[in-house]
Each structure stands twice: as structure tokens, then as C-alpha cells.
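Report on one structure; see the data block that follows.
Just so we're clear, the structure is a prediction, and the values are computed from it rather than from any experiment.
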Amino acid sequence: MEIKEKSLNRNEFIYIVAFTLFMITTVYELTAWSVFSENVQSRILLIAKLVRYASYLLCMIKLLSETIMDRNKIVLFGVIVVALIVSYVCCKNITYVLYSMLFIGAIDVKADSIIKISIVIQSIFMILSIGLTLSGVVEDVIWDPTTRPRHFLGFNWTTTSAILFVFIILEYIYIKKGRLNIIEYILGILISYWLYKMTDSRMAFLVQTVSLTFFMFFRKFVLEGKVIRKHVGIMSFFPEAIAAVAIGMQYLYNPGNSILSKLNDMLSGRLRLGNEGIKDYGFKLFGTEIEWNGYGTDWVAGTKYNYVDSSYLQIALEYGLIVLCIVLILYSGLMYCSIKNKHYLISWITVFILLFCITEPRLVKPAYNPFLILCITELCVYIKNRRDNSYCEEAEINNN
């Protein structure tokens with residue numbers, strides 16, 4: 001028993017190192033610092049990629065070490081990875097195959113460790129990037145400076161800093177167990193407003209202010225699980241419902257429909273772009289190869305803009321309906337297990353993420369959003385609780 005405990009501690013340490021390396025390299029790639037020459041920057045990016053692959057390798061080492069003790073984990077690993085590999089063959093994008101290493105490697109890892117690593121690394125890069133631009137060390141590129149000035153603040157796109165702050169807020173709320181004080185609330189609102197004025201990221205600002213206000217003033221409602229614990233079945237299907245609404249609006253979009261047309265204008269043309277994406281690529285079980293062209297510091301005039309912002313539709317088009325179903329099942333599992341584990345705070349944070357990703361492609365991007373990995377940690381807690389309860393019931397029967 002002592003040997004097993006030491007092995008688990010060692011394996012968790014391996015994952016923490018791997019996840020830290022992953023976060024450092026991926027968050028760095030969100031920046032657009034111009035202090036390096038192109039030659040130096042390309043070398044840095046190559047090193048970052050190699051380090052990130054090393055983090056995936058560490059996750060594999062952890063997994064293989066654990067399967068020696070529990071061979072059933074090989075089945076879980078195999079089923080998911082095979083589906084993702086098939087999708088990769090169709091869409092030529094290996095990202096989700098590599099991400100699966102992070103998810104499977106999170107077995108028996110504490111959720112707190114994952115979130116704390118994420119918020120520390122994201123905050124450091126955000127403070128550093130904004131500080132470098134405000135001090136003039138890094139050029140603060142401004143998109144459309146005459147009519148709608150939007151500051152990059154040292155990142156690869158104008159909305160990156162604001163979106164990153166959305167998840168920093170949610171991570172901070174998680175770490176504080178939902179207990180925000182008035183100073184933290186006001187400070188969060190002020191930073192959110194400043195980012196909004198600098199980047200004009202309307203949806204991010206909306207989610208920031210609503211989430212801060214919700215968790216500040218409905219703390220008891222959230223922590224006691226009122227309503228949500230009585231409707232665990234309905235809440236478990238919330239991801240699928242949101243996905244259906246998000247994709248449905250874009251599929252049904254017609255400029256002649258006054259309601260959808262106004263909604264499209266409010267969402268900066270996202271419904272139209274989604275509808276065009278469906279017409280251009282269609283829905284396939286395992287996706288298709290797509291080269292997304294979106295705005296950024298490297299944008300070339302004349303390039304056709306075809307970027308689909310909705311996470312749900314983007315995954316469905318590029319990776320396929322099967323992979324989208326896997327992602328939604330993981331989110332449903334996170335909702336179900338967190339409610340059953342009485343971790344209601346995680347459930348509500350997940351609701352905000354699911355709503356935010358209707359218009360943002362961050363549903364499965366750990367550099368921004370580490371919360372989906374908690375579907376593994378919550379499942380482990382749920383299984384352990386079920387097992388402990390089973391042992392207690394068995395012991396009680398034997399005693400009687």
C-alpha cells in the first residue's frame with residue numbers, strides 16, 4: 001500500500017511538470033512580441049514546440065506507469081485516441097490527438113493543481129505582455145486605428161488579452177471557492193472595463209462582468225447547489241443543448257430573416273460566416289481539412305476571411321461530428337460528476353464557459369480554458385466516492 005501511494009505521488013508530479021511546460025509554451029505562442037528578429041523568434045517557437053512535445057511524452061510516461069497497476073485505463077485511452085486519430089486522418093490536424101495526452105494524463109491528479117498552474121502562467125504572461133507594450137518595449141499594434149481602434153497589447157489578436165482574462169477570472173473564482181470580496185469584485189470590473197476600452201471585446205466584457213456579478217451576489221445560491229442539484233439530468237445535457245442552439249442559428253441563418261439578421265449584426269457577422277462555413281465544408285463524421293483565415297498581426301490584405309468563431313461549429317466542420325460528440329460528452333460528464341461530487345461551483349463555471357463558447361473558439365483550448373481537463377479529475381473523485389460508499393455499505397451489511 002505504501003509503494004502504491006509513492007507511485008501516485010511521483011506520477012502526479014510528472015503530470016504537473018508536463019502541464020506546466022505545456023502552459024508556458026502555448027501561452028507564449030499567444031503573444032506577438034516584436035523584440036526578437038524573425039530568425040530568433042522562429043528558433044524560440046521551434047524550441048517551444050519541442051518542449052510541448054516533451055510535455056506530451058511525460059504524460060505518456062505517467063499513463064504507461066499507471067497502466068501497469070490498472071490495465072483498464074488502456075481501454076479508456078485507446079477508444080478516445082483511436083477516434084481522434086481517425087479524425088486527424090480526415091482533417092490533417094493533430095492538435096486534439098496531442099491534447100488527449102493531457103486529458104488522459106490527468107487521471108488521479110488534483111484539480112486545484114491544474115487550475116493554479118494555469119492562472120499563474122496566464123497572469124504572468126498577461127502582465128508581462130501588457131507591461132511591455134505600455135512601456136514601449138514592444139510595439140502595441142492597433143487594428144483599424146481611425147474608425148475602431150483596437151489594441152493588440154502584445155498578443156496575436158486584439159481579443160486575446162480580454163478572452164484570457166475571462167478564464168483568469170473564472171480560475172480565480174474557482175481558487176477562491178466562489179467567495180469574492182467587494183475589493184476583488186471592483187478590481188475585476190475595472191480591469192475588465194479597461195480591456196474593453198483598449199480592445200473593444202464586447203462579448204468578453206459581457207461575460208467578465210456577468211460572471212463576477214453572479215458569483216459575487218449569488219454566492220450562497222451557487223455553493224449550496226440550489227436548483228442545480230435537483231436537476232442533474234437536465235444540467236448534464238446542457239452542453240448538447242447549447243451546441244444545438246449555436247449550430248442551429250448558423251445553419252438557419254438567412255439575411256431575409258429580420259430576427260437572425262439583427263442577431264448577426266449584434267454578433268459582428270458571426271452567423272453569416274458560420275452559415276458560409278456550413279455551405280463550403282458541410283458536416284462529416286470525422287471532419288475535413290480546413291485552412292482557417294482570420295485576422296491577426298500577420299494578416300495579408302486580399303485573403304479571404306473564412307474564420308468560424310463558434311467553438312461548436314468550428315469543431316463540427318474541421319474535426320467532425322464524432323469528435324464534437326466526444327467533446328460534448330466530456331462536458332456532460334464534467335457537469336454530472338461535479339454536481340454528484342457537490343462541487344457546484346465547477347458546474348456553474350462550466351455553464352459560463354459553454355455560453356461564452358457560442359461565439360468564441362475556446363471550448364477545447366487548454367492555453368485559455370483548462371476546465372475541460374477537470375472532467376477527468378471529477379470523474380476520478382466520483383468513482384472514488386462511489387467505491388468508498390460501496391465499501392461502507394458492504395461493511396455495514398457484514399456487521400449486521
Set out, in order, the CA-CA distance, both residues' side-chain angles and the distance that settles ring pair (Phe, Tyr, Trp, His ring centres under 6.0 Å) for F215 and F352, then state yes or no. CA-CA 11 Å; F215 288 106; F352 277 94; 5.5 Å; yes
Testing the 3.5 Å rule here: is there a donor-acceptor pair between the side chains of S192 and T209? no
Take a 6.0 Å sphere around NZ of K342 and say whether it holds more than 12 heavy atoms from other residues, nucleotides or ligands. no
Give the minimum heavy-atom separation between L374 and I346, together with the two atoms involved. CD2-CD1, 4.1 Å
Per-pair distances, 0.1 Å, donor-acceptor, side chain in residues 221-228, under 3.5 Å, sequence neighbours excluded:
none

Under 3.5 Å, which donor-acceptor pairs link side chains of residues 42-50 to any protein atom two or more places apart or in another chain?
from	atom 1	to	atom 2	distance (Å)
S42	OG	E38	O	3.2
S42	OG	N39	O	2.6

Kindly state each residue pair satisfying salt bridge (Lys or Arg N to Asp or Glu O under 4.0 Å) with at least one member in residues 16-33, sequence neighbours excluded. E29-R52
Whether Q122 side chain and A367 backbone form a donor-acceptor pair below 3.5 Å: yes
I want to check something: taking the side chain as every heavy atom from C-beta on, are Y172 and S123 in contact at a cut-off of under 4.5 Å? no
Under a single-linkage rule joining Ile, Leu, Val, Met, Phe, Trp and Tyr whose side-chain heavy atoms are separated by less than 4.5 Å, which residues share a cluster with Y193? Y196, F205
Please examine the side chains of R270 and I358, heavy atoms only from C-beta on, and report whether any two atoms are closer than 4.5 Å. no
If you count heavy atoms of other groups shown closer than 6.0 angstrom to NZ of K284, is the number above 12? yes
Gap separating the CG atom of L313 from the CE atom of M249, nearest 0.5 angstrom: 10.5 Å
Would S118 and Y368 count as having a side-chain donor-acceptor pair, cut-off 3.5 Å? no
Looking only at atom types and distance, does a side-chain atom of S332 sit under 3.5 Å from a main-chain N or O of S236, one as donor and one as acceptor? yes
Counting only heavy atoms not in L190, do more than 12 fall under 6.0 Å of its CG? yes
Pairs involving residues 225-254, ordered by first then second residue, that meet ring-ring contact (aromatic ring centres under 6.0 Å, His included) (sequence neighbours left out): none
Quick one: which residue pairs count as a salt bridge (Lys or Arg N to Asp or Glu O under 4.0 Å) with a foot in residues 190-201, not counting sequence neighbours? R148-D200
Got more than 12 heavy atoms from elsewhere within 6.0 Å of CZ, F217? yes
Is it the case that the side chains of W292 and E318 hold a donor-acceptor pair, with the cut-off being a distance below 3.5 Å and no angle test? yes
Mark yes or no for whether K92, through its side chain, and E289, through its backbone, hold a donor-acceptor pair below 3.5 Å. no
